[in-house]
Amino acid sequence: MPITDESIVIPVPPEEVFDYLNDPTHLAEYDATILTSELEGDGPVRVGSRFKGTSKILGRTFDWVVEVTEDERPTKQTIKSVEGKIDFIGTYTMTPEAGGTRLNYRLESGAGLGGVFGRVADVLVNKAYARQTRANLATLAEILTEHGEG
């Protein structure tokens with residue numbers, strides 16, 4: 001099972017990081033692979049809530065639906081794919097650090113991220129996704145830092 005595990009320190013409190021991440025409409029703001037994302041049904045987001053969206057990775061576009069399996073404000077949220085071409089579990093963990101928050105993102109992909117592109121592509125796709133994840137987390141930190149100041 002391929003795993004991507006990346007983290008960043010964001011100079012805002014864990015509650016602010018959690019609340020921003022807990023709104024699926026924000027996904028496309030910081031994640032360059034997400035084209036659309038929205039909550040299915042009414043909020044607030046809680047265990048059992050579903051998000052649906054569309055992603056574009058390495059030129060391939062696909063739809064997905066995820067379900068929230070853990071929602072522990074302000075420390076943890078886990079989502080699991082329930083529809084789509086990639087089987088995965090994604091977890092955001094927030095811990096106080098250095099006057100802000102260490103945000104850790106872990107993605108476990110059942111068949112490998114390359115499954116959409118063919119098994120041979122797994123290693124390359126996983127490296128590209130890790131690189132993209134680092135960029136996404138940096139964008140998220142920038143958004144939250146600017147939002148926190150303004």
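Side chains included, hydrogens not; waters and symmetry mates left out as well; all remaining heavy atoms used.
What you find for F18 and T75 is that their closest heavy atoms are CD1-N, 4.3 Å. Residues A32 and N136 come closest through the heavy atom pair N-OD1, 3.1 Å. In plain terms, the two heavy atoms of P44 and S49 that are nearest each other are O-OG, 3.8 Å. Minimum interatomic distance between T54 and D63 (heavy atoms only, all atoms of both residues): OG1-OD1, 2.7 Å.
The residues R106 and D5 are annotated as salt-bridged, a charged nitrogen and a carboxylate oxygen being separated by less than 4.0 angstrom. A salt bridge links R73 with D19: at least one charged nitrogen is closer than 4.0 Å to a carboxylate oxygen. With respect to the salt-bridge test (charged N to carboxylate O, under 4.0 angstrom), the residues E67 and R50 qualify.
Considering CD of E97 and CD1 of I10, their distance stands at 11.0 Å, rounded to 0.5 Å. To the nearest 0.5 angstrom, M94 atom CE is 12.5 Å from E16 atom CD. One finds the CG atom of D31 at 7.5 Å from the OG1 atom of T133 (value rounded to the nearest 0.5 Å). Rounding to the nearest 0.5 angstrom, the gap separating the NZ atom in K80 from the CD atom in E108 is 11.0 Å. Taken to the nearest 0.5 Å, the OH atom of Y105 stands 12.0 Å off from the CG atom of L140. To the nearest 0.5 Å, atom OH of residue Y129 and atom CD of residue E6 are 10.0 Å apart.
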(request) Show your working on side chain to side chain contact (heavy atoms under 4.5 Å, CB included) between V45 and V68 and close with a plain yes or no. (result) CA-CA 8 Å; V45 173; V68 177; 3.9 Å; yes
(message) Under the criterion side chain to side chain contact (heavy atoms under 4.5 Å, CB included), I'd like the reasoning laid out for L21 against L103: C-alpha separation, chi angles, the key distance, then a yes or no.
(response) CA-CA 11 Å; L21 291 171; L103 172 64; 3.8 Å; yes
(message) Working note: T25 + S37, criterion side chain to side chain contact (heavy atoms under 4.5 Å, CB included); need CA distance, chi angles, decisive distance, verdict.
(response) CA-CA 5 Å; T25 63; S37 179; over 6 Å; no
(request) List the steps and the verdict of side chain to side chain contact (heavy atoms under 4.5 Å, CB included) for V17 and L144. (result) CA-CA 7 Å; V17 176; L144 288 172; 3.9 Å; yes
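When the side chains of ILVMFWY residues are joined at heavy-atom separations under 4.5 Å, either directly or via intervening members, L107 and I8 end up in a single hydrophobic cluster. Under the 4.5 Å side-chain heavy-atom criterion for ILVMFWY residues, no single connected hydrophobic cluster contains both I34 and I89. Residues F51 and F62 fall within the same hydrophobic cluster, defined by Ile, Leu, Val, Met, Phe, Trp and Tyr side chains chained together at heavy-atom separations under 4.5 Å. Note on L35: it does not cluster hydrophobically with L27, by side-chain heavy-atom contacts below 4.5 Å among ILVMFWY residues.
Using modelled atom types, one finds a donor on one side chain and an acceptor on the other under 3.5 Å when comparing Q77 with N22. With no hydrogens or angles considered, a side-chain donor-acceptor pair links W64 and S55 at under 3.5 Å. Between the side chains of S7 and R102, at least one donor N or O lies within less than 3.5 Å of an accepting N or O. For the 3.5 Å distance criterion, the side chains of Y20 and E29 qualify, holding a donor opposite an acceptor.
By the salt bridge (Lys or Arg N to Asp or Glu O under 4.0 Å) test, E15 is found to be paired with no residue, residues two or more places apart in sequence or in another chain being considered. The salt bridge (Lys or Arg N to Asp or Glu O under 4.0 Å) search around E40 returns none, not counting sequence neighbours.
At least one donor-acceptor pair closer than 3.5 Å links the side chain of T101 to the backbone N or O of V12. Judged by distance alone, with hydrogens and angles left aside, the side-chain atoms of S81 form a donor-acceptor pair with the main-chain N or O of F88 at under 3.5 Å.
With a 4.5 Å cut-off between side-chain heavy atoms of Ile, Leu, Val, Met, Phe, Trp and Tyr, the cluster of V82 takes in V65.
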